[in-house]
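Have a look at the structure below before the remarks.
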Amino acid sequence: MTRRFAVLAALALVCAGVELVAGRGMSPGAVWDVLGGGGDATERHILLQLRLPRALVALGAGACLAVAGLVLQSALRNPLAGPEVTGVTPGAVLGAVTATALGLAGWDSPLAVVLAACAGGCAGALLLWLLAGRGGDPARTAVHGVLVSAVLGGLTAMVLLVEPGELGSVVQWLVGTTEGRVWEHWHLLWPWALAWGVAAWLLAGPLTLLRCGDDIALAAGLSAHRARTLALGCAVALTAGAVAAVGALGFVGLLVPHLTVAVFGADLRRSLPGAALTGAVVVCGADAVAQLSSRLLALTLDADRLTLPVGALTACLGAGLLLVVVRRAPGRTF
């Protein structure tokens, strides 16, 4: 198990290193010059003030989404439960987009975006709680989560109709991107992610019992409703932090937990830290691939401003992987 954690940590470092040299604006040789203490002022600014915080934000956001997804799937006992389909991510996006449209927040004011995203994520979770009822039935909660996500997505579209000038901001929030991330985003993300990540790990025991069923949890003396409520609150906070930093990255919180459980087992004391590392690797690696693809597309199509957002890449790859899994296990009940 220690070897698996070490391999994932090494992969995270490799992905971060590739991301540092993958972007446009400077050659890989110039990156090594800056890392060695050389380079001119422009090259140092690009690497140290733009690329490095972007890589760190990608790592942190991936960890948040993966842990949130594992917490949701464990609490709701549904393998298709994730931040994207339980109202949490759409609510956080709606909060951030609404605050941006009202002029209360924006990409240049990360703290206001975090607060708006948290408020939206909590509103989405509250709406889900009201519709699903206080009983906390996992199947009922998951079904209503899809409906809540659709409603919140429609409200986001209405905000776009009211404020068409915010099209660029809305698209960034809906697709998910790490473009333009600076140190302020990282300084807000990492303490948030650390605090709620520790909270999720402290809930590992109750969540493991919830995965076994409410009857077993009650037999062990655990209040299933209270533990599920705490878990959902933790997942909301982690998702809101990630959305505030990079927008809505599709399928990360849905598929990474399955990979994590396959590698680290069902004991969440190991799986939750494993999910954080796996999510960080997936998002940072996808962002590096997106930057390399953007560079190749720009050269091929002669379009210097063409960029591929990482959210588009994770959505396409995640949807394809989900289709493969479903086709290979047609008899499985999701």
Looking at side-chain heavy atoms only, is the closest gap between [X] and [Y] below 4.5 Å?
{"X": "L222", "Y": "L218", "value": "no"}
{"X": "F5", "Y": "L277", "value": "yes"}
{"X": "V252", "Y": "V283", "value": "yes"}
{"X": "S74", "Y": "T208", "value": "no"}
{"X": "C64", "Y": "L189", "value": "yes"}
{"X": "L76", "Y": "R228", "value": "yes"}

Is there a donor-acceptor pair closer than 3.5 Å between any side-chain N or O of [X] and the backbone N or O of [Y]?
{"X": "W192", "Y": "A237", "value": "yes"}
{"X": "R54", "Y": "V182", "value": "no"}
{"X": "Q73", "Y": "L254", "value": "yes"}
{"X": "R181", "Y": "E179", "value": "yes"}
{"X": "H185", "Y": "V57", "value": "no"}

Between [atom1] on residue [X] and [atom2] on residue [Y], distance to nearest 0.5 Å:
{"X": "L11", "Y": "C284", "atom1": "CG", "atom2": "SG", "value": "11.0 Å"}
{"X": "L65", "Y": "T314", "atom1": "CG", "atom2": "OG1", "value": "9.0 Å"}
{"X": "L188", "Y": "L115", "atom1": "CG", "atom2": "CG", "value": "9.0 Å"}
{"X": "S294", "Y": "L313", "atom1": "OG", "atom2": "CG", "value": "9.5 Å"}
{"X": "L8", "Y": "C15", "atom1": "CG", "atom2": "SG", "value": "10.0 Å"}
{"X": "R211", "Y": "S271", "atom1": "CZ", "atom2": "OG", "value": "7.0 Å"}

Dump the intermediate steps for side-chain contact (heavy atoms from CB on, under 4.5 Å) on V71 and L203, then the final yes or no.
-> CA-CA 9 Å; V71 169; L203 289 172; 5.9 Å; no
Pair E43-I46, side-chain contact (heavy atoms from CB on, under 4.5 Å): steps then yes or no = CA-CA 5 Å; E43 292 172 342; I46 291 175; 5.7 Å; no
Taking only Lys NZ, Arg NE, NH1 and NH2, and the carboxylate oxygens of Asp or Glu, determine whether R51 and E19 approach each other closer than 4.0 Å.
->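 Salt bridge: no.
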When hydrophobic residues are tied together by side-chain contacts of less than 4.5 Å, even through go-betweens, does [X] share a cluster with [Y]?
{"X": "L292", "Y": "V281", "value": "no"}
{"X": "V67", "Y": "L230", "value": "yes"}
{"X": "L70", "Y": "V282", "value": "no"}
{"X": "L232", "Y": "L207", "value": "no"}
{"X": "L48", "Y": "L13", "value": "no"}

In terms of the angle between their ring planes, are W183 and H187 parallel, tilted or perpendicular, with boundaries placed at 30° and 60°?
->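 Rings of W183 and H187: parallel, under 30°.
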Quick one: closest heavy-atom pair of [X] and [Y], and the distance?
{"X": "P83", "Y": "T239", "result": "CB-OG1, 3.6 Å"}
{"X": "A204", "Y": "L272", "result": "CB-CD1, 4.1 Å"}
{"X": "A290", "Y": "V310", "result": "CB-CA, 4.2 Å"}
{"X": "A16", "Y": "L59", "result": "CB-CD1, 4.3 Å"}
{"X": "V148", "Y": "L131", "result": "CG2-CD1, 3.5 Å"}
{"X": "L308", "Y": "S293", "result": "CD2-CB, 3.8 Å"}

For D267, salt bridge (charged side-chain N to carboxylate O under 4.0 Å, His left out) partners two or more places apart |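 Scan of D267 (salt bridge (charged side-chain N to carboxylate O under 4.0 Å, His left out), adjacent residues dropped) gives R269, R270.
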Carefully, step by step, assess L47 and L35 under the rule side-chain contact (heavy atoms from CB on, under 4.5 Å).
-> CA-CA 9 Å; L47 181 64; L35 292 177; 3.8 Å; yes
Could you go through the side-chain contact (heavy atoms from CB on, under 4.5 Å) check for V263 and T278 one step at a time?
-> CA-CA 10 Å; V263 174; T278 307; over 6 Å; no
